[in-house]
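Treat the numbers as computed from the prediction; the structure is a model and nothing was measured. Just so you know, ligand 1 is whichever comes first in the structure, and atom 1 is the first atom listed for that ligand.
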Amino acid sequence: MQIKIKNPLLHWYNNNKRTLPFRETKDPYKIWVSEVMLQQTQVKTVIPFYNRWVKEYPTLKSAADASLDKLLKLWEGLGYYGRCRNFHKALKIVEEKYEGEIPNNFDEFLNLPGVGEYTAGAVLSIAYQKCIPAIDGNVTRVMARILGIKNLTTKNQKRLKRNVQKLIPTIDPGNFNQGLMELGALICIPINPACEICPLSNLCKAYKYKEPALYPHKKKKKVKPHYTVVAGIIWRDDKFFIQQRDENAMLGGLWEFPGGKVENGESLEDALSREIKEECNIVPIIKKKVGSVKHSYSHFSISFHCFHCIENGQTINHSNRRTWITLNEIGSFTFPKANHKIFSLINETELHV
Ligand code: DGT
């Protein structure tokens, strides 16, 4: 089975792979950057972020020495900001503990913050030619179809992994892993796979059973909860107030308007006053609505309602995680996407709240 899969797969990959900027490099650091960005994010979204990152931080040391704020700014819009925070921590560890050399030992690399089995396998096989599987969603689908696995039970996932482990060649393991991923991305897609041009269809059980798209069974997606969130843009002349989210929270290290989730039975305005009292210790004067936008995160979605406000005699205390900025300074801070949607609704002529 190994030779049978390896040769056609590598041949197909070499002739059909997409030209991607992170495939043009052999630098383990840059390969790692791309793999962190590719977690939960599509290739076409990642490309401009990757290009900007490696231009700004061409070496591991340059990124390890940068401030988290600067890195988050480059990450702005890519989402899942925990990836960026963990990557920064991991880079610092590599700098301090491994003298800037990414460890090529699986367990040591796996121990770094944010590095899971997939990332370790991908980076070590692509950058260091280590014979380690890199099993992502695409590889899982390709292998489940080849093996005829319908239910991805824990036992079957182990079986799938054992098979990749057995198949992965000592020569070209990185291209082998990338070949499986690319096949999953371009040919062995979830719906209507292009079996007629697949280099592995003659080895594929799902193809033989005639209904490849049924392999593996799709898990039912959980319905995401939806929250109503309010936030205040509190103005002092031409500046408004922003605060930095706790580093360990979701969207950690990003800047936001004070606010939070609306409780059951509460009006938007009551919720806003309560949240601003809790977070800033003032009761604001709510002037008028800026607008409402919707945004979806991995585990929930929000309706985000923002209001222009001003202080009501009392002033917000100062701290290093709080500041007042003008609209021209938005670009110097990292904000969640929902806030950018709100910024685009602010009409400068209406600013005299
Ligand atoms: P919590 O209170 O433990 O649920 O913690 P948070 O801070 O995650 O949640 P909360 O109550 O502030 O809910 C607001 C959600 O809306 C939060 O998940 C992040 C998102 N969001 C996006 N932009 C903003 C913003 O400018 N302000 C606030 N407060 N939340 C924002």
Item to complete: Would you please say whether a donor-acceptor pair under 3.5 Å links the side chains of Lys341 and His295?
Response: yes
Worksheet entry | Donor-acceptor side-chain pairing of Thr41 and Arg83 below 3.5 angstrom | yes
Worksheet, complete the sentence: atom 18 (O) of ligand 1: closest protein heavy atom, distance to 0.1 Å, is Phe300 CZ, 3.4 Å
Worksheet item: Any idea which protein heavy atom is nearest atom 26 (O) of ligand 1, and the distance to it?
Response: Asn339 ND2, 2.7 Å
Worksheet entry | Side chain, backbone, both or neither: the part of Tyr227 lying under 4.0 Å from ligand 1 by heavy atom | neither
Worksheet item: With a 4.0 Å cut-off on heavy atoms, does Trp255 reach ligand 1?
Response: no
Worksheet item: What is the closest protein heavy atom to atom 9 (O) of ligand 1, and at what distance does it sit?
Response: Lys261 NZ, 3.3 Å
Discussion item. Taking 4.0 angstrom as the limit and counting only heavy atoms of Leu251, give me the atoms of ligand 1 inside it, by number and element.
Written reply: 19 (C)
Worksheet item: How far is atom 28 (C) of ligand 1 from its nearest protein heavy atom, and which residue and atom name does that atom have?
Response: Glu256 OE1, 3.1 Å
Fill in: Atoms in ligand 1 with a heavy atom of Gly259 nearer than 4.0 Å
12 (O), 29 (N)
Worksheet entry | ligand 1 N/O within reach of Met250 N/O, cut-off under 3.5 Å | no
Worksheet item: Right, does atom 23 (N) of ligand 1 have protein non-hydrogen atoms nearer than 4.0 Å?
Response: yes
Discussion item. Suppose we measure from atom 20 (C) of ligand 1 to each protein heavy atom; which comes out shortest, and what is that distance?
Written reply: Tyr297 OH, 3.8 Å
Worksheet item: Is the NZ or CZ atom of Lys17 positioned over Tyr13's six-membered ring, under 6.0 angstrom from the centre and within 45° of the axis?
Response: yes
Worksheet entry | Pair Phe257-Phe343, ring pair (Phe, Tyr, Trp, His ring centres under 6.0 Å): steps then yes or no | CA-CA 11 Å; Phe257 313 128; Phe343 287 136; 5.6 Å; yes
Practice prompt. State whether Glu182 and Arg23 are salt-bridged, where the test is any N-O pair (Lys NZ or Arg NE/NH1/NH2 against Asp/Glu carboxylate O) under 4.0 Å.
Written response: yes
Discussion item. Please find the pair of heavy atoms, one from Leu160 and one from Leu152, that lie closest to each other, and give the distance.
Written reply: CD1-CD2, 4.1 Å
Item to complete: Look at atom 6 (P) of ligand 1 and say which protein heavy atom is nearest, naming residue and atom and giving the distance to 0.1 Å.
Response: Arg245 NH2, 3.7 Å
Worksheet item: Starting from atom 15 (C) of ligand 1, which protein heavy atom do you reach first, and at what distance in Å?
Response: Val229 CG2, 4.0 Å
Discussion item. Can you see whether Tyr215 has Lys150 sitting over its ring - NZ or CZ less than 6.0 Å from the centre and within 45° of the normal?
Written reply: yes
Item to complete: Please report which non-hydrogen protein atom sits nearest to atom 27 (N) of ligand 1, along with the residue it belongs to and the distance in Å to one decimal place.
Response: Phe257 O, 2.7 Å
Item to complete: Measure from the side-chain N and O atoms of Gln244 to the backbone N and O of Gly253, and report whether any donor-acceptor pair falls under 3.5 Å.
Response: yes
Worksheet item: With no hydrogens and no angle check, do the side chains of Thr326 and Lys239 hold a donor and an acceptor under 3.5 Å apart?
Response: no
